There are 2 protein chains.
Amino acid sequence: MQPRALDDSDRRILRAMQSHPDMSVADLSGIVGLSQTPCWRRIKRLEAEGVIARRAILFDPKKVGLPINVLAHVRLQRHDEETLEALERETLEHPEILECFSMSGESDYVMRVVAADMDAYERFLKKVLLHLPGIASVNSSFTLKTVKSTPDLPL
Amino acid sequence: MQPRALDDSDRRILRAMQSHPDMSVADLSGIVGLSQTPCWRRIKRLEAEGVIARRAILFDPKKVGLPINVLAHVRLQRHDEETLEALERETLEHPEILECFSMSGESDYVMRVVAADMDAYERFLKKVLLHLPGIASVNSSFTLKTVKSTPDLPL
DNA sequence: GGTGAAAAGTCGCCCAT
DNA sequence: ATGGGCGACTTTTCACC
C-alpha cells in the first residue's frame, strides 16, 4: 500500500470515476483507453492503497431536514498533546460535525456543523462544543447560502 | 418532485444507504424492513426529488497530490446582486474551490480550496481569488491537519 | 404495501498472451 | 502488463396479490 506515484492511466481512471461515479468498469475502461481487466486491477490497487478512500451517497442537507450550516471557529486554552488528542477524538464521535480542520492563524480549529434549526444548533453548542477538552472560545458563523459544496478534487 | 415529508421508511433507507453506499437494493430492503420492489421504488423517488443528490467517489487528497487545504475568508467591496451573482458563477468554474459559503458575520464568503503545493496556491490566489468580482480582501488560513471530513449527514 | 420472475447488464476472477 | 470469457450476481422491469 505504498506511495507509488500515479501514472497517466491512474489519473485518467480517477478522473473518469469521479465524473461518473456509477459507470461500469467496462465503460470506464473504454474512456481511459485500457481494457477491462487491467482497468479493474488498477481500480482495486487504488482502493487497496487508499487513494480511493470510499464511495458515498450525497444527500441534499435541506431536503433531509438539516438546513442550518455553521462554521465554528474554535480556540483552545491549552495546546498540550493530550488535550488536542482528546478534542480530536471527541470530534469524530459527533456526526453533526462534518468537517474539522486544525488551523494555522487565529483559530485553533474550524469545524463545519449542521443542524435541523437554530435551537438544535444552540443546544449542540452549549452541550457539546463548549464542553470540548481545553476549549477557550467558540465563534459561530452561520452560512447564508451554500454556493458550492463538492467532494470532487481537481485532478 | 416536491417537499413531501420523509417518513420512517425513507429515513431508514437513507441511513442504510449512507452507511453502506454500495449495498445492493436487495440487502438494503432487508435492513429497512421493506421488500425489494417498494424499497427500490422509494429510492428512485428520493433520487427524483433530489433528496439523494448524487453518488460520489472520495479520494484521499494527499494521495492524489493535493495536500494543501486552505480556508479563504473573502470580503467584498460591493454587495450588489450583480456582483454576488458574478462571483458565485466564477466560483463554480474553478474546481480548486471545493466549497463556498456565503456567510453571516465578518467574512462575506468562506471558500475551501485545495492545491498541490504552496506555490500552486499562491498562483491561484493571485490569478483567481484576488480577481474575483467585487473582491476587497482574501484572508487565507492553512489547515495543518484534517481531523475529520465526511459528507455523511446525521440522520 | 408484497411476491415472484425474468431480461439485461455487471462484477469478480479464471485463463491465455 | 493486456485481452477474453464465463458464472454469479444485481439492477430493472414486469405482471399479479
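A quick note: this is a predicted structure, and the numbers were derived from the prediction, not measured.
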Spacing between [X] atom [atom1] and [N] atom [atom2], to the nearest angstrom:
X: A/I43; N: C/dG12; atom1: CD1; atom2: C1'; value: 12 Å
X: B/M23; N: D/dT11; atom1: CE; atom2: P; value: 11 Å
X: A/Q36; N: C/dC15; atom1: CD; atom2: P; value: 18 Å
X: A/R42; N: C/dG12; atom1: CZ; atom2: P; value: 18 Å
X: A/L28; N: C/dG9; atom1: CG; atom2: P; value: 17 Å
X: B/K44; N: D/dT13; atom1: NZ; atom2: C1'; value: 12 Å
X: A/D27; N: C/dG9; atom1: CG; atom2: P; value: 11 Å
X: B/D22; N: C/dG12; atom1: CG; atom2: C1'; value: 14 Å

Looking at side-chain heavy atoms only, is the closest gap between [X] and [Y] below 4.5 Å?
X: A/P95; Y: B/D152; result: no
X: A/L46; Y: A/E49; result: yes
X: A/T150; Y: B/R54; result: yes
X: A/D108; Y: A/R75; result: yes

(message) Among C/dC11, D/dG3, C/dT3, which nucleotide has an atom closest to any side-chain atom of B/P38?
(response)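 Nearest nucleotide to the side chain: C/dT3.
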(request) Indicate the atoms forming the closest heavy-atom contact of B/P133 with B/T83, along with that distance. (result)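 Nearest heavy atoms, B/P133 then B/T83: O-CG2, 3.6 Å.
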(request) Report whether B/V32 and A/F59 are members of the same hydrophobic cluster (ILVMFWY, side-chain heavy atoms less than 4.5 Å apart, transitive linking). (result)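 Yes, because B/V32 and A/F59 connect within a single hydrophobic cluster, where side-chain heavy atoms sit under 4.5 Å apart.
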(request) Report yes if a side-chain nitrogen or oxygen of B/W40 is closer than 4.0 Å to either non-bridging phosphate oxygen (OP1 or OP2) of D/dT13; otherwise report no. (result)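 For B/W40, the contact criterion (side-chain N or O under 4.0 Å from OP1 or OP2 of D/dT13) is not met.
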(message) Expected output check: what is the dot-bracket annotation of DNA chain C, where ( ) and [ ] are pairs inside the strand (brackets for crossing ones), | is paired with another strand, and pairs are Watson-Crick or G-U under 3.5 Å?
(response) |.|||||||||||||||
(request) Supply the members, apart from A/M111, of the Ile/Leu/Val/Met/Phe/Trp/Tyr cluster built from side-chain contacts under 4.5 Å; use none for a lone residue. (result)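 Once heavy-atom contacts under 4.5 Å are chained together, A/M111 belongs with A/I68, A/V70, A/V74, A/L76, A/L84, A/L87, A/I97, A/Y109, A/V113, A/M118, A/Y121, A/F124, A/L125, A/V128, A/L129, A/L130, A/L132, A/I135, A/V138, A/F142, B/V147.
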(message) Just checking B/Q77: does its CD atom have more than 12 heavy atoms from other residues, nucleotides or ligands closer to it than 6.0 angstrom?
(response)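 Above 12, so yes.
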(message) Strictly distance-based, threshold 3.5 Å: is any side-chain N or O of B/R55 a donor or acceptor partner for the main-chain N or O of A/R55?
(response)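 No; zero donor-acceptor contacts below 3.5 Å.
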Nucleotide N/O to protein N/O under 3.5 Å, stretch nucleotides 15-17 of chain D:
none

